[in-house]
Every structure is written in C-alpha cells, then in structure tokens.
Amino acid sequence: MTHIPANTPPAPEESSEQSVHRLEAQRRANRDAIAALGIDPYGGRTVDLMTIVEARSKFDEEANAAHQAAGKAPPPGYVDRRPVVKVAGRIVLKRDGGKLMWMQIRDWTSGPKEAPEGLAPASDGSATRPLEPPAHDLQVAVSLADVAAPGFDLSKSLDLGDVIIVTGPIMKTKAGEVTIWASRVEMACKSLAPPPEKWKGLHDVEIRYRRRYIDLYANPETMRAFMLRSRLASLIRRFLEAREFVEVETPTLQVQAGGAAAKPFQTHLNALGIDLFMRIAPELYLKRLLVGGMPRVFEWSRNFRNEGMDKSHNPEFSMIELYEAFGDYNTMMELTESLFRECAKEVAGGADDLRLPFGEWMIDFGSTFVRVTYGELFERALGFPMTDAARVVQEAKRRGLPVVSKTGTPLDPILIVNELFDVAEESIDPSRPTFVLDYPAPLCPLTRPKKSNPSVAERFELFVGGMEMANAYTELNDPDIQEAKFREQLAGIGEDESTFRNFDEDFVYALKVGMPPAGGLGIGIDRMMMVLLNQRTIRDVILFPMMRPV
RNA sequence: GAGGGCGUAGCUCAGUUGGCAGAGCAUCGGCCUUUUAAGCCGUUGGUCCUGGGUUCGAGUCCCAGCGCCCUCACCA
C-alpha cells in the first residue's frame, strides 16, 4: 500500500467542506449531534473505571439467575444483586436493533482472538456454537427502557471507533454472553477517522508501522506483544537490581562515539559550537563508573548506528550493558542464562515447559544452554581445525573469500578463519541457545586473554534463533595494553572512518587511575524480545520503527 | 547495493486476451427490544501509487520514478 489516505486533516487554508472526506464529514455531523444533546464529545476526568477483564470477572452467576427468575415483574423485596461495573472502551462493533442496540467495546485487556476452546449446546439443544466469542471484547446492551437520558440518543449517534464509558449491571444474555446491560452511556472521545474493516481488521503492514495507534487497538495481538515487552523490561530491571546492579544513565550525545565499531549519527551543539555524535554504545562511560568505585552498573541504553536496516537491525535500538567488578566472562555467562530463563518463564506464564515458539522452531530455554568454544565449532562445521593454515586458505579460496588484502599482501590466517566462521555460526541449532566462547585473541584486541592460554580471549557471544543476542568479555583493565590496542586499531582504519574514530585519552587515563577486574555484557534487547515474543522482524517489537518519510 | 513480489473505494480484496471500475464490510436512508461478523430493503463512494510511452482504446502492455514486503549482500 502506498498512499496514506484521505483521513488526514486538511491543511487549514483548504478546510472547505469539499476537502473533508465524506466519511469524516459524516462523523463530524454525528459529533455535532452529540454536542447538540449537551454532551461534550471529548469527555473528561472519569473515576471508578475498571478494565474489561475486571468487569468480566465480576459476573455473578447466582445473582444473574436470581434476576432472571424474578422476571419482568419482580416480587416485593427483590433486590438486584448483579454487580454494577463501569468500563471505558472503543466501539468495535455495533448492531442497532431500533429500541435495543448491541455494541462490542475493546480496551487494552480485551486480548487477542483465540480459537474457541470447545463447543457448547445451543439453547434449544439442537446445535452447537463456540463457547466464547472470537475476541474478548465486551458486549454492551443499550435498551431504550433502561438507559437514562440522554444516553440512548447519544448511543444512536455513536460511530465505530468512538470511545465510550458504560455503566450497568454485568449479566448474561439468553445466548450466554457476558454483557453490560447499560444504565448509563457517556462519551470519552469521538473518532473522526474511519476504522479498519470490522472482521478482517488492519493487515497493511505499512499502515501498521506508520500508524501504530490504529494497529494497537485494531490488532489485539499487537497490544499483547508490546504489553508483554513492557512486563519483561520491568522483570529485567528487577532481576538486575536483585543482583545488586544499579541503573545509571550516561551521555547519549558524545564528543567521540566509542565502545563499538559502527558508523555514528552526527549532530551539532549550538551552545558550544561543536559537532557531536549520538552514542553507538555506553561501554566506555560505564567502565569509568567502575573506576569511580561503583561495584555493579547497568544501563538500558538506546544506541544509534548509522548502518543498514533489515529485519534484525533498526537504526536506533535498545541494549542492556552491564559491568560487574571482580566478575569475568564466566559470571556473565551464568547471569545471561539465568536472565533469559527468567524471561522465558514470564512468557510461559508459569508452565514448566520453557520451549517457546519462534517462527518454525521451538526454542528451548529450559535446558542448560549449549556451550561450545570457537575452535570446536569451527572444526565441527568446517571439518578441519582452524590452526591448519593451509586448509584454511584452501577453503577460503574454494568459497571465493579474499585471502589477500587490498594492497596485495597475504591476509593474516586468523582473519581468514574469521571469514569462514560465518559458516560455523550458521551450523548452530537455532532452537538451542548457544554460547560460543573463547574467541581467538587477535580478533578481540580489547578483551583480556586467558591467563592459561594467551592466544584465547575471554569472550562469548550468545546465539538464539539464528541471531546474535549477547556479547560478553572479561574486560581489559591494563591501561598500557588498552592504549596500544587503541592506537593499533586507529592505524588500521580507512580515511572515511577516521572522521569519527578518535583516541579516547580520558578513558585511558581512567584506566590509569585503576579499574578493578570486571566482567562486561551487552544484550540486544530488541532481538531478545523477538525470540521471546515470537516476532520475526524487529519492527514488530519496536513501537515506532524507522520508516522512510512519506 | 542486487534480484523478486506488491500498490485498485475508508478497510479487506477481485479484476479474464487490452474493450463501460467491481465485491464484502464500513457509510447514508428505511424496518426491527436478546443480537453474536445480527438480519432484510434501498443508497453513496475511485488521482486504479506518480509521470511518460504504445494503442482507436491501458487498472491491464512498455519505460522511468516513489513506497512497502521478501531473498541475498553489507553490518562488534
């Protein structure tokens, strides 16, 4: 779909009747009719509201049966004990039967459509019907006899998409559906824009992303996913706080964008007359906090990387980075596994089975995560050890990978190994969360080497569902080695990169002040949410993903 | 960046060999106090993504562009 249609407001200078879409014009007329009843079409502060789920839970079978038994002429002394509820919701269906209207209203708790759990006999016993309606929207009945003026006249002028507040006893209809039998109907807000089709809903993915506010109410599954993401974010914070990590905030606007190798966004600070970068990682600031004596820190960091966009990359994305003084990559591995498992438990809703669907796979968060070293994985996937330089070069040539640099000098074999390692990564079972650990030291210049084997860096990456989820290190805290590695990196970059790669002298100075040994970890939160919420594209876990402007 | 697919009413979608622009829902009018995507009768609504071209005639064929989706490439 292309055009974002005509229900956008007209520019002021052309707001003639003709420029307003006919469907909007009709809704404006209905709004005027509501105003003419003395009702504010945009409502006001409202107290004592409950959600649709709460209202539904108030239903009392006995009180409902007693009320039915009392009939139209209740005996003296009869008291209606059906609980009275008050609910706000958006109208998604309306059936006007003249003096009796039926509506379905929806709020954020209504929940997605589900397959009926079974069939129940119809009232005459001759046929069957679904036990529950397809969506958990709440039915409202508006009867001329029972709704106080001007609620009935208001209801006549309501359009699909309006938000209303309904008060009345919660009861069950003859057909067995829990319903508010309205005594009051009030206006919360008028909707001037035509809603999506009532049954097929909103499918156009472009409109879903650009106009998430429609997607959220029109597709309860979208609401469910983002509500769950929020619950998981809260859980992650509580998990880290329970382990005595403190949440900090460090600069998003940075003089130099460090801590990762990515192209940054550039901006300008007028007050100081200087160019700045949006951060690509919070790493170097968080480590400064360890130098200062904070024992365990984490940041929920929005990072900005000026690179490609695809189903696992958005230009701005969320990452948790954390540092633990006196930890190392082993403590980070334990923490990572526990964190993912706790999140999976939350998604599973208390079930023992922690296998969660992700596309065609069932990802097993319950079993111990697979641990495999870089070298083992390489040999298993390629069929020869990465130390076999001749086979490495031979295999790279066979796959058309470069074995000499642009200047014609032979590439370091370890760099060729790293090219071939993509093949190894693809051999990881997507349904088994897998730690790949002990990377070759030359590939990880900023990581502490193993004391027992300096050719191996204490680093791991976690792969889940075919994606890189997390990256952790035993951090380097020797200022001289850090400085040398920085200079080495700077020497090896091209001119285009040199504009935003700088030597962070202050960070090296911080290490001279002294940083305790530490473990560091970064988790790509959006990708983590993808596998936990079973969403195959990052745009389905980001409320407002980057879109080309229309 | 390369290849492929898609773009038609507010929404969801058809549209045959190039021959009057279609359906369902929504809207609007009428009937209806237990409906369940309510029903019945009637009604309105179009920049066929944009701009060129071929043709007597283009939603359809050709060229260019725009947007979205998919695959691949790039991507600490």
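Quick caveat, the model's predicted, so the values are computed rather than measured. First the proteins, then the strands, lettered A, B, ... as listed; each starts at 1.
Heavy atoms of A:L446 sit under 4.0 angstrom from at least one base atom. Within 4.0 Å of A:N303, counting heavy atoms only, lies no atom of the nucleic acid at all. Looking at heavy-atom distances under 4.0 Å, A:G308 makes no contact with the nucleic acid at all. Note on A:M547: only backbone sugar-phosphate atoms sit closer than 4.0 angstrom, heavy atoms only; bases stay farther off. Across all strands, A:Y473 comes closer than 4.0 Å to base atoms (heavy-atom distances). Nucleic acid contact class of A:H313 (heavy atoms, under 4.0 Å, all strands): base. Contact annotation for A:A145: base contact, defined as any heavy-atom pair under 4.0 Å involving a base atom. Among the atoms of the strands shown, none is found under 4.0 Å from any heavy atom of A:G522. Counting non-hydrogen atoms under 4.0 angstrom, A:Q139 reaches a base of the nucleic acid.
Nucleotide B:U71 is matched to B:A2 when pairs are restricted to Watson-Crick or G-U wobble geometry with both distances under 3.5 angstrom.
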Task: Residue pair A:H313, A:R527: steps toward the side chain to side chain donor-acceptor pair (under 3.5 Å) verdict - done: CA-CA 9 Å; A:H313 295 82; A:R527 290 180 184 176; 3.2 Å; yes

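Of all nucleotides listed (B:U71, B:C28, B:C69), B:C69 comes nearest to the side chain of A:V205. The nucleotide whose nearest atom lies closest to any side-chain atom of A:E197 is, among B:C69, B:C11, B:G45, B:C11. Nearest to the side-chain atoms of A:R210 among the listed nucleotides B:U12, B:G10, B:G67 stands B:G67. When the nucleotides B:C11, B:U35, B:C69 are ranked by their closest atom to the side chain of A:I207, B:C11 comes out on top. Nearest nucleotide to the A:T173 side chain, out of B:A76, B:U34, B:C25: B:U34.
For the pair A:M546 CE and B:C69 P, the computed distance is 13 Å after rounding to whole Å. Protein atom CD of A:E468 is 7 Å distant from nucleotide atom C1' of B:A76, rounded to whole Å. Distance, A:N471 CG to B:A76 P: 11 Å, rounded to whole Å. A:R211 has its CZ atom 15 Å from the C1' atom of B:C68, to the nearest Å. Spacing between atom CE of A:M171 and atom C1' of B:U35 amounts to 12 Å, rounded to whole angstrom units.
No salt bridge links A:R82 with A:E61; every basic N to acidic carboxylate O contact stays at or beyond 4.0 Å. Under the 4.0 Å criterion applied to side-chain N and carboxylate O atoms, A:R459 and A:D438 are not assigned as salt-bridge partners.
With hydrogens and angles ignored, no donor-acceptor pair closer than 3.5 Å exists between the side chain of A:E177 and the base of B:U34. In terms of polar N and O atoms assigned as donor or acceptor, the side chain of A:D310 comes within less than 3.5 Å of the base of B:C74 in a complementary pairing.
A cation-pi arrangement is absent between A:R279 and A:F304 under the rule of less than 6.0 angstrom and at most 45 degrees off the ring axis.
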